[in-house]
Structure formats: structure tokens, C-alpha cells
Amino acid sequence: MARMKFYCDAERCIECNGCVTACKNENEVPWGVNRRRVVTIKDGEPGERSLSVACMHCSDAPCAAVCPVDCFYTTDDGIVLHDKDICIGCGYCFYACPFGAPQFPSDAAFASRGKMDKCTFCAGGPEVTHSSEEFTKYGSNRVAEGKLPLCAEMCSTKALLAGDADVLSDIYRKRMVNRGASVMNWGVQFKKAGIDG
Amino acid sequence: MAAENRHNSGRVRKIVLFCVFSLLVVVTVPLIPYAIDAYAVAGKQASVEKVAALENPAINLWNDVRQRNERTQGLTQVQGVDSGVLINKAGEDWRRFRVEQLVPYGAWFMGGILGAIVLYYLLKGTQMMPGGPTGVRIPRTTLNQRTAHWFTAGVFWLLAVTGLILLYGRFVLIPILGSEGFAVTASACKEMHNLFGPLFILAVVAMFVLFIKGNMYNLGDLKWFAKGGGMFGGHVSAGRFNAGEKTWFWLVIMFGSALCVSGLLLVLAALVPGREVLSLAHMFHGISAVLLIAVSFGHIYLGTVGVEGTLDSMTTGSVDAAWAKAHHDQWYAEMMNDSAAVEAADQEQGSGLVEGGVAKPGQAPGV
Amino acid sequence: MKLIKKSDQVIAPGTENSMLQDNTTLDASAGSSMTRREFLHNSSLVAGGAALTTMFSPSMMKKANATAASGSGAVKEIKTVCTHCSVGCGIIAEVQNGVWTGQEPAFDNPFNLGAHCAKGASVREHGHGERRLKYPMKLVDGKWKKLSWDQAINEVGDKLLEIREQSSPDSVYLLGSAKHSNEQAYLFRKFAAMWGTNNVDHQARICHSTTVAGVANTWGYGAMTNSLNDIHNSKAIMLVGGNPAEAHPVSLLHIFKAKEENNAPLIVIDPRFTRTATHASQFVRIRPGTDVPIVWGMLHHIFKNGWEDKEFIRQRVYGMDEIKKEVAKWNPEEVERVTGVPEKEVYAAAKTMAEHRPGTFIWCMGGTQHTIGNNNTRAYCVFQLALGNMGVAGGGTNIFRGHDNVQGATDLGVLANTLPGYYGLSDGAWKHWAGVWDLDVEWVKSRFDPGSYEQSKDKDVPVMNTKGIPVSRWIDGVLEDKANIAQKDNVRAMIFWGHSPNSQTRGLEMKKAMEKLDMLVVVDPYPTVSAVMHDRKDGVYLLPASTQFETYGSATATNRSLQWRDQVIEPLFESLPDHTIMYKLAKKLGIADQLTRHIEVKNDEPVVEDITREFNRGMWTIGYTGQSPERMKLQQQNWGTFDFTTLKAEGGPCDGEYYGMPWPCWGNPEMNHPGTPNLYDTSKNVADGGLTFRARFGVERNGVNLLAENSYSRGSEIKDGYPEFSDKVLKKLGWWDDLTAEEKQAAEGKNWKTDLSGGIQRVAIKHGCAPFGNAKARAVVWTFPDPVPIHREPLYTSRRDLVEKYPTYEDRKSFWRLPTRYGSIQARDYSGDYPIILTSGRLVEYEGGGDESRSNPWLAELQQHMFVEMNPRDANNTGVKDGQDVWVEGAEGARVKVKALVTRRVAPGVAFMPFHFGGHLEGKDLRHKYPEGADPYVLGEAANTAMSYGYDSVTQMQESKCSLCRITKA
């Protein structure tokens, strides 16, 4: 059984935010809701790296564990989805998620939350596949078309990968082998560059 | 007289401080194991992932992040709550608290107390008034007090029930109603909980204002505690409120306040910066609620079937002299000296016409 | 990365029923914008009448019985090219019933393999176009009023004719665009010629004009020599003054391939620790404006250690000895004193480049936008020549161009100093093009001001041979005293045909200039900052142009490859394609017949393919002659058959061709030249894309041979250097009879550039020779102000101690028709009042002036505030915290109110601002001045408001990378 995963290669991610807008494009997510984001740590300093983050479709998803209405489910491909008809917008999944994936539209009344929205791995939701209901509530369903999430497919440097965990492992291993071949190749020589002084 | 008052008020302040402190201890001490546990769990988790690293690069990625530096706060172009936080370290703690502690321990705790009470009742039955009711009524609560009590009780149970449904409905109600059926219930519960929650703030404030008098601890309460409220060691004497009732009062005030503050944060989530505050608020909310609900079982038991005649004080506002003598002997003595009040109560009892006519000592009957 | 199909409910890829052209079914969708949500909504209503269950009621569990397939109508896949940067990423647009409903990665496009940056991944928003300029409008008493197209064209045309009558054609400035397709750019330049002015220019002036001038004068052509894909072959990568991670993100796909698979070190030299620098093997932080010293510093070590490629220099380089003399002055101490980089870093970089060959040299606007930009670009070239990195795969100067078609617009001569194809403005050039246009050159001449603005050898130079005012200086063309300008009258009307004014420096003066104009016309899909930055009450026209997704044509990517775009959707709202607007205006001005003499016009729209064919007939200099529309379309349909690294098609209908037929694609289309993937690569036959350095500068200088020595391209029958080909050369070589009778007739008295039959080129290539000759590259450009590139301090410099030794130029009285200041500015010390160096650059989310990208909500959400990057040290000295508002005051007193971004990306004493914002001016929000509904989502201060004077000594490139400022708390 395939187990779908995202993997972001920090050595390649350049914070171009292509994944973020690809997601907006494919799923027409409204302003203020970002299913994916790129976080840069140690900005402007030696070791600066960026990573693209969204729902990681955890095997034992914390969001599902804490959901009071049990609206999460895992597909046969290992994709964690949720049912917006069941979601009550309590926000517990947001507290529990290690990656900050759950998003809540901010336009709901009285500053309360609307229904949770998150990355679906471009696999739609519980509605009829490719129905307008599915698109309106969950966005696109590329997986059903035999395609992968658009964020990963459009990544400018192929840093963000999506697909079967085993395949990703292979790609990653190959890259590591290539990189391991050179000692001087990786990491800015900051001492020499004087940036840390 | 004035000097004495001043002396008294100084003592009152001390006692209040003592009570607040001891309650804080009561609240925080049980949390220490959680904190230790969570800390240990976090460490364990990391090492587990390290072992699994070879199998899934995605795990390795996050591991890399952690290994390279402790910082998970970064910059991002996405505007949102905690968007710059790469890994929400507190999330796992919170999940464990809720799933592995609050839900099971809460159930055990509330169920245990309820079970113990039922058992106690089955063994001991209702504690009757010694010698039966005398017919002499002694005023015990004002209309305001009773209104506040029932208002609080109403709001409390509305929130408790809706809250419990949200906490346990997944396990109890989904099998009955189905996911989608329960979704309606849960959604309604959430909306009600959020809508009526702010009323509880009013309730707690009213309770505090109207019941603070007589609920200050004094030295005699130690004796009461020592004798387990009369469960063992024979009769304990008590004033208007015994130490148990005082403790209940302070629990309501303290945990009620905790519920109010944390609840307010949770309702106004959109205005709260950061989810760590919210998850912390949620922890306090959960613990306070479970505690208060559990203790309320005892309160309800004692106020209804547990002790004959207690309920009167919150229905009619007056109690039988026998009840007063048995449970609040010092107060009984005070009240008997103030015969006017007793008569007034008698009158009311007799005629049943004067609504809310229970007089407080020194206050004119009728409103 | 395809999954196994899980569902059978796959939308079938489009059957070729062209709903796009079928207007009867289009009423609802075509010509108006629509989101996919709206589309699905509408189509499901049509399909089943099933109302959408909206989400207003909480937890409704009712599952609608929706029709399985979303929307009716087949999905049509259309291939096009991203319209943002010059990487040229392929795009597959999914269109349903004329609505752009999906965007798929073009996995088999050899440039991007489906990859996109934030901009490319969001181009489908162009199908919504919510914030577009929707109708022609004009400003009446300070209010925007809707106009019909006819009315707008009439009013604008009348005014233009009036100005022409009163002043001269040169009082109308035609500002073109790098956003035009090749065909539109060509037509625009031709339009200017028909109108009779050389006051025509576009953004290339302010992005890579110094590159074009510097590089072309070094070895012949002013363009990227290799390609992004060719970087795969590099063993080392030197990147100076560029931040491709933000400006050309997809190029990193190629750079990382070299880095990971060749273990090629990536050296980044920049004042700023950019998102690119973070992935470098070595980062060298220089003081802004010290490119020449750092390059000479590295060459110092190279020459000292004998690492230069001596044989290559002997065979193919002229003037390296003079360079050596200059380089000798740049000892490590002096380099450190000027650039701030210690010797060991410079040495390490030089050694890395020497030991890893071939290495490529990439530069961008950090190197070009200086008063000595042409010196910088030539220094880079010399560096590559010294290491023998030219003309080899993996080497070259990989100059990343800016806009999607800035290379094409430059090639097609939307410039004040040349006709299409870099023919220049000489009589010969005019004659050549008049011939192509089938016009009498005297008629063309009659269109110009009959007077003369300058003299050469005591003879009046006709206006048509005089360089126009460059776009960087149009402000001065308006504001400068008439007596000081070398033309009849000031500029009185500006036509911004796809240009953001906020990309240009001296914002406050520009505002004044806009207010002084008689008429301001904006032809653009968006109102742009031109619509709001002035306080005019009338005389402003906004004409809605379509984007490139609403029309079709070719665009030239940074690597000289021409790609064909298909039309994705019909023009939105009332917008029209640029070439249609050009035709309409030409008709009004009475030059339509001449403009489209050999171009078919359908319903006021010139047929794009005819335009392509016309420039094919004239662009011999740079080989824009072989890329016929048919060949380009065929390549586009088969872009998957081209190799990712070599760009060569293996099999398929384009077998042997290089993707996009990178120019020069010699001869006529029938010759089937494959294009030239790497310039000056002698390891290939010219017929297969090989080349030599161009013989452009004569054959001899001061007794030194300028032609190549013992170096020639593979298969060349002349085993040595040779001059450019002409009828005489052919005759001399005895190859004249290889021409057909017809070719002979056409070639008589012509050379390889002007022979319209292409015979001379064909015969030269047949004998293995490059039509433009085989010469040495020249390290010394004796026609430039600084023949040997030298360092000069910026006009506004904080290093007063260096001014004496490295002074700037002297003021010039008439330079591109205008007085130009250098020394008089540098003479004054501004560094006391303005202690911080101010530089500028790009963000990945926005492009150019940003009006288009800031109107795209998917992009705008990611950059909501204009900011200035400050080092923590400067922030602390100013008392500013991250996120607070500050005033940045430029050295000329203009102020911008922006947010402080406290970061170590910039060094202490350096501040950086992105230049994409606009719509605020000195703290005032101008949102209310936009036409209703056409204001971009995000507005902000334009960085260039605070940027100061300063222009390159050859091309008038603006100095926007090195000025001074003062930052205070707002």
C-alpha cells in the first residue's frame, strides 16, 4: 500500500514560495488561509535554511487524536483528510499539530473560527470525486486523476517532493550520495566569508 | 467596635491570602507530574524518530531541523497565527495531556467520585435530622443569594454538559448518533458553550459577592477538617458555613475564575496571539472543569439526598432549627439569639404569602 | 512522479473542439473574468440545476447529488510561456469553455521541467484579472471617465498630431516594453520609425543595457552566451550581483544540478547575503559598487600564479596585456581597502575558479546598474577570457536577463540607439530596414524632424541618425531647459506602453515631469503607478492592453531561445492586444499602410505570423531569420523531445534542432539551421551551432592583428581568423559561384547583414565559416570612455577617502541629447548627512514595478508591506525595532515611509529596499486615485522615489544599486 508523504529538501529550498501560490492556484484557497507556507530559519545568518511546510499527513496524526468530533480520516494512500461537514471549528487540531497545518478562515462572525481547512495532498475530500462540492469545500482532487499535489509538482528546484514514501527515500538517498562526494561543496564558508565576524 | 472590626478585617485578609495560596498549590501540584511526563516523552519521541530516520526522509528532515539548531521560530511570508514557527513543540504535550490524561483521568476522577458517593449513599443512606424537623424555621439565604445560586447552577450545568459532550461525545455519542449526527450535537454544544460561557463570569462574580460573608476560614475549620467533616471523630461544630462548604465556595470561586479566564481566551481565540497560550488555557479549562464537576457531585449529594433538610436553604431560603442545630450549631446559637429573624421566617413559612421575605439579621423583611 | 490512476473519474484531456473560437457558446464566459469557483458553480447549475450547498449552516451533513464531472465542456490544454521572468518556463493551461480553469506543470519543457516560482505558479490568476484596467479611461477634472476605444484613439491621436505640428515628432516619447511579444516589440519599433522619432526605448535600458553594450563590444553579441541548461556542464559557478533565488528561481534548478552532480562550487559575490548566497559554497560580501576591484583582485591572483589560459588568450583575445597592467595595481591590500574583502577570500575564490574549469560566470543587475556598469560587465568578460572559459559548454557568461521578453525586445530594437537587430541608426541601417519594409527610405526620413541636433565632422547629422533620449532620462527630456536639450523641443507627451515608472529612479522629479507633460498615455493591462503618482487633473489616458495570455506570438528567453506562446483565453473585459492598439493608433496617425504593408490585418489586428515573417526577413545580424512561426510552433508542440542538458532534440520532428533555435539561427528558415546553443563554441560546426568570436572591430589595430590566430570553428575551411563576409570576400575566396543566380543578384554589393536572400550566410556556413568572421575578443574597448575597465567611486559614495584616487567622470554637456552630471555631484560630500549605503533589488513574489503581481491576490498576500532591510547595528543606532515604520531619506532629499526589516542579510552601513512597490508617495497612500476596482491589492512606497541621480557612461543605465540614505524612526 502506498504511503503518501511530502519531503522538503532544505539544501534546495530557496523560499521562492512557488508551492504556496501553486496551492492557492490549484485549490483557490481564499486570502488569509494558507495551506502551505515556507519558513526560513536563521534568516541572514550562517546556516540559513528554508523549508516548505504543510500538513505532513502523519501516520498517527495528532489532529485526529484530539478532534472532539472525529472528523479526520486516513485514505488508503495514507493521506489524512477531514470532513468539513463534521468539523465544528474548535481549533484543537491547530493546538496539537506539530506543523501548524490547520487553518481557519478568519471571516467567521464574532472572531470565532470557521471550519478548519488544511492541505489535502490535492486529494479532495469526502464529497463525490470531482464534484463542485468537493472543489468548493476541499479544493482539487489531483490524486484521483493520477497526479500529485501541485505544490510539489511545481517546486522550482524540486526541493519539495511528494509521493510514495519509499520513492522519496530513494530520491533523497541519491541526492545524499551526490552531495557526500564533495567535502567543500556544502555549506557556506562563513568563517572565510567574514559574515559571522 | 471599630477597632475590633479593623482587627477582624486584618485577619480576614490574612485568611484570604492563605486560602488563595493553598488553592494555588492545590491547583498546580497535580500538574507537576504532567510537566515531568511531557518533558520525558518529548525526549523519548526524538530518539525514536532518530532511529526511524533511515526509512522516511520526511522524518529525517525535521530531525535535521532539530539537530541543526534549537530554534524553530523563523520568518515566513505567510501571515497567520504562529506561521513563523516551524515546529510547534507544545503541540505534542498538549495532545498527550488531552488524549492520555484529561480524557481518561477526568473520566476516572469524575466517575470515581460519583461512584464513591453512590456507594456512600447506599451504605449510609440519607442523614436525617436528629429528632426530626422541629417546624421552627431559621432564615438561611436571601432571595439574591438563591437566585445567584440557581443561576450559577444552571449555567454551570449547561456548560458542564455541553463541555462534557465535547470531551467525551466522541467515545460515547458517536457510536449512538453516528459521526454526522454527533456533528450537529457537537456543533450546537460548541455554540452554546461559547455563547453562554460569558454568563458564567457573571455567576462567579455574583457568587463571590453574595456568599463571601461567612465563608472565611477560621481556626475551628481545622478541627472540622481533622474530623473529616464529622464522618469520623464525632460531631464537629460549625458556624453559618462549615469548612466543607467554605472549601466548596472557594473552589467555585478559584476554579470558576480559572474557567472564566481560560474560557474567555478560548472564545476570543482570534485575538489571542499564539497557540501556546490557547493550549495552556485549554489545559487549565479542562482541569478546572473536571475538578469542579466532580466536586459538584458531592455538593449536590449533600444538598439533596445526602442530608435531610439541606435543600430547603436554597428553595425556601430557611432551614429547620433541628437541621441548623445539627450541622451549624454555632450559627444556630447566633440565630436563636436573633429571634426576630426566626419569627419572620416562621411567619413566612406559615403564610407562604410573603415571597422572598426572608430577613437577614438587621435587615427589614420584604423587598 | 505519476501515481497509478486511482479513480476512473478522470476528466478526459481535451478533444480538440475549439470552444475558444466558437463565439456562440462563449457569451457567459469569454471576454469576462471568472474564477474557477464561479465557473464550477455556473457549470453545475447548467449541468444539473443542482444548487450548490453552501456552507452557511453549521455541520450540514447533506451530501449533494452533484454531477461527477465538474463543469461541462472538454478540457483543452494550451501551451504557453510564463510572462514574468526571462527563464521562459513552459506552462500548460487547461481551458474549459473559454475559461482558464487549471494550470498543469509542463514536466517536459526543457527549461523548467514543470517547475515554477511563486509568480509562475500563479499565472492562472491572469484569467481572473479582477484588478485589471477594464475599459479605456481618461482623467477629467481629477475623475476617471470611461471612454470608447474609438474616442480614446481619436483624442490621443489628435493630441499627438498637434504636438507633432507644434514641436516635432521627437516631443512624443514612445516607451515600449519587455512584456511585449517579439512581434509586438518589432511592430512598436517600426511604429516609432513610421512616426519619425528615435525617442523610443524600453526597460532593457535600466536592466542590462550596460551588459549588452559591454559584452557586445567585447566579443560581438550582447547576450547570455550559454544557457541555463548548459550550467549543468559547469564545474564551478561564479555569481556576481545577482539573486536568482528570487529573481530567476527556476534557474536554481539548473545551478543545483551542477552543484550536486558535478560538485561544482558556487561562489556568490554580493553586498547582500541573499537567498542565493545561503546555498553558496563561498559567499564574498563586497561593498556595493566595487565589482571591478573584486574581479581585478581575483585576476591579480590568477595572473600572479599563472593560472590564466595562455593559449586561449594568444589565439582569441586582444588587449590582455593592458588588462594585466591595470590588474597589477589591484594588490590584495588595495582590494581589501576598496571592497572590504580580505585577501584569503579573494584568493580562495580565484583558486576555486582556476581549478574548476570550465566555470560559468553569472551576473545580473547588481553589476549592471551603476555609473560604471559597462566597466563592470567588461571586467566580468575579461575574467572569463583570462580563464579560457568562453566558447565552451559549462563556461560562458550567463547573464540572466530580467523580464520574460527583455531579450527579444532588445534584439528587436525597442531602443533609442538602434533599429531592430542592432543595426544601429546609420544610413545603411535605415536603408536595410526600409528595404525590408518595402518603403522608400526618403519617405521614412521625411517623417523625422527635418532639422539636426548634433554635428559629426562638422556636418549636420540628420535626426533619424541621432540617438534618442533613453528611458532612464525621459524626465530630463521633459524638465530640462529647452536650450540644453539636443532636440527641437522638450518631450511633451509620454506613451507608457507597458512600463512601470516606479522602476526608475528620482521619483519626485518624475512626478514633476508627469505634471508638466501635455499628455500622458498608459497602455497597459493595469493602470500602473503612472495613473496615480502625479497630481494631474486631466490629460491622462489609460488604455487597457491584453496580457500575453490573451494573444499569441513568440518570446525570447534569457538564453536567446525563441518560444511560441499560444493564446489561452480571449482578451478580458474591453482590453485589446498591444499590436491591435498599435494598428488602431497608426490608422489614426495615417501610417497604418506603411506599418503593415506586408502584414495582413484582420479586424484591426495585424496577423502575428506575418509580423514574425517580416522580421525574419531583416534580422540577419543576430540570426533571427531562421525562426519561422512554423518552426517555432512545431518545437512548442514537441518541446518534450529536447534534451534537458544539451537542449538538442533527439528524434521527433525537430531532430537535431536546439530548443527555441537560440539565435543566431542563421539563414532563412529553409536552411534549417538548428540555432546556436552556446555562443563562440569552436568545437562545433557553424552549421551545427558552432561559432567564433565576431569580427566586429576591424582586422587590425595599432599593428596588432584583431583576427583569431590558429583558432577556428570545427569544419572551417579557413584555418585561421577571417573578417566578416561580404560579396567581395566571397569573390576573393572564390566561393561566389556557390550562390544561386537569384542569390547573386540579391547579394551584389551587400554583406552578411544586409543580403536579404541569405545567400552570403548560407555559403559562408557551407564552408564551415561564421558569417560574421572569426576574430579575437577584445579585452580593451577603445571606443569607450574607459577602454580598460577601471574602478570609479559612485556619485554618492560614503568612501570619500577613495574619491581622489577613483574619481567619477566629468560632467557631459550633451550625452544622448541631454546634459549629464557626474563629477559635479561627486564633488559634494553627502556621507555626513546620509551615512548609509542604499541598494535595491527584487523579491520573488513580484516582478518589475509590480503592478501586475501586486494585483494578483495569491502573490500579494505574501508581500503586504514595503520594507527596508537594516542590519541590527544600524537598527539599534537608529533606535528602530523590527516591523516599525521608518523614513528612508535618499541623498537628494526624497523620503519614503517603510517598515524596518532588521536582518543580517545586509552588512552594517548598508540598507536594501525592494523596488516592486508603488502607490504610496512620501507617506501618502494614493489608493483613492486609482480607477475604481483597478487598484492593486498591495500598495507601498516605491524604493526608487528615494534613489538618486547617476547614469552609466555609455548607455545611460540608471544607478540604482548604490546610493546614500539616512534612516530615521517614523
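Order of the sequence lines fixes the chain letters, A, B, ..., with proteins taken first and strands second; residue numbering starts at 1 for each chain. None of these values were measured; they are calculated from a predicted model.
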Q | Face-on cation placement of A/K84 at A/Y138 ring, 6.0 Å and 45° thresholds | A |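 A/K84 over A/Y138 ring: yes.
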Q: Tell me whether the guanidinium CZ or amine NZ of B/R275 lies under 6.0 angstrom from the six-membered ring centre of A/Y95 and within 45° of its axis.
A: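 Negative - B/R275 is either too far from the ring of A/Y95 or too far off its axis.
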Q) In terms of heavy-atom pairs under 4.5 Å, which option from A/P62, A/S50, A/C71 contacts chain B the most? A)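 Between A/P62, A/S50, A/C71, the count favours A/P62.
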Q: Between chain B and each of A/G100, A/C90, A/A65, count heavy-atom pairs under 4.5 Å; write down the option with the most.
A: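 Maximum pair count with chain B is reached by A/A65.
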Structural part of [X] lying under 4.5 Å from a heavy atom of chain B:
{"X": "A/E15", "value": "side chain"}
{"X": "A/V69", "value": "both"}
{"X": "A/N17", "value": "side chain"}

Give, as side chain, backbone, both or neither, the part of [X] having an atom under 4.5 angstrom from any heavy atom of chain A.
{"X": "B/V81", "value": "both"}
{"X": "B/V85", "value": "backbone"}
{"X": "B/L75", "value": "both"}

Most contacts with chain A, counted as non-hydrogen pairs under 4.5 angstrom, among [options]:
{"options": "B/S279, B/G91, B/G80", "result": "B/G91"}
{"options": "B/Q79, B/Q77, B/R170, B/R95", "result": "B/R170"}
{"options": "B/A90, B/C189, B/S83", "result": "B/S83"}

Does the side chain of [X] reach to within under 4.5 Å of the side chain of [Y], using non-hydrogen atoms?
{"X": "A/H57", "Y": "A/K118", "value": "yes"}
{"X": "B/F171", "Y": "B/V103", "value": "yes"}
{"X": "A/C63", "Y": "A/Y92", "value": "no"}

Q. Counting only heavy atoms not in B/E276, do more than 12 sit closer than 6.0 Å to its CD atom?
A.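 Counting neighbours around CD of B/E276, 12 or fewer heavy atoms of other residues, nucleotides or ligands fall under 6.0 Å, so no.
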Q) More than 12 heavy atoms of other residues, nucleotides or ligands under 6.0 Å from CH2 of B/W157: is that the case? A)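 Yes, the 6.0 Å shell around CH2 holds more than 12 heavy atoms from other groups.
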Q: Could you verify whether a donor N or O on one side chain and an acceptor N or O on the other, from A/R36 and A/S52, lie under 3.5 Å apart?
A: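 The criterion, which ignores hydrogens and geometry beyond distance, is satisfied for A/S52 and A/R36.
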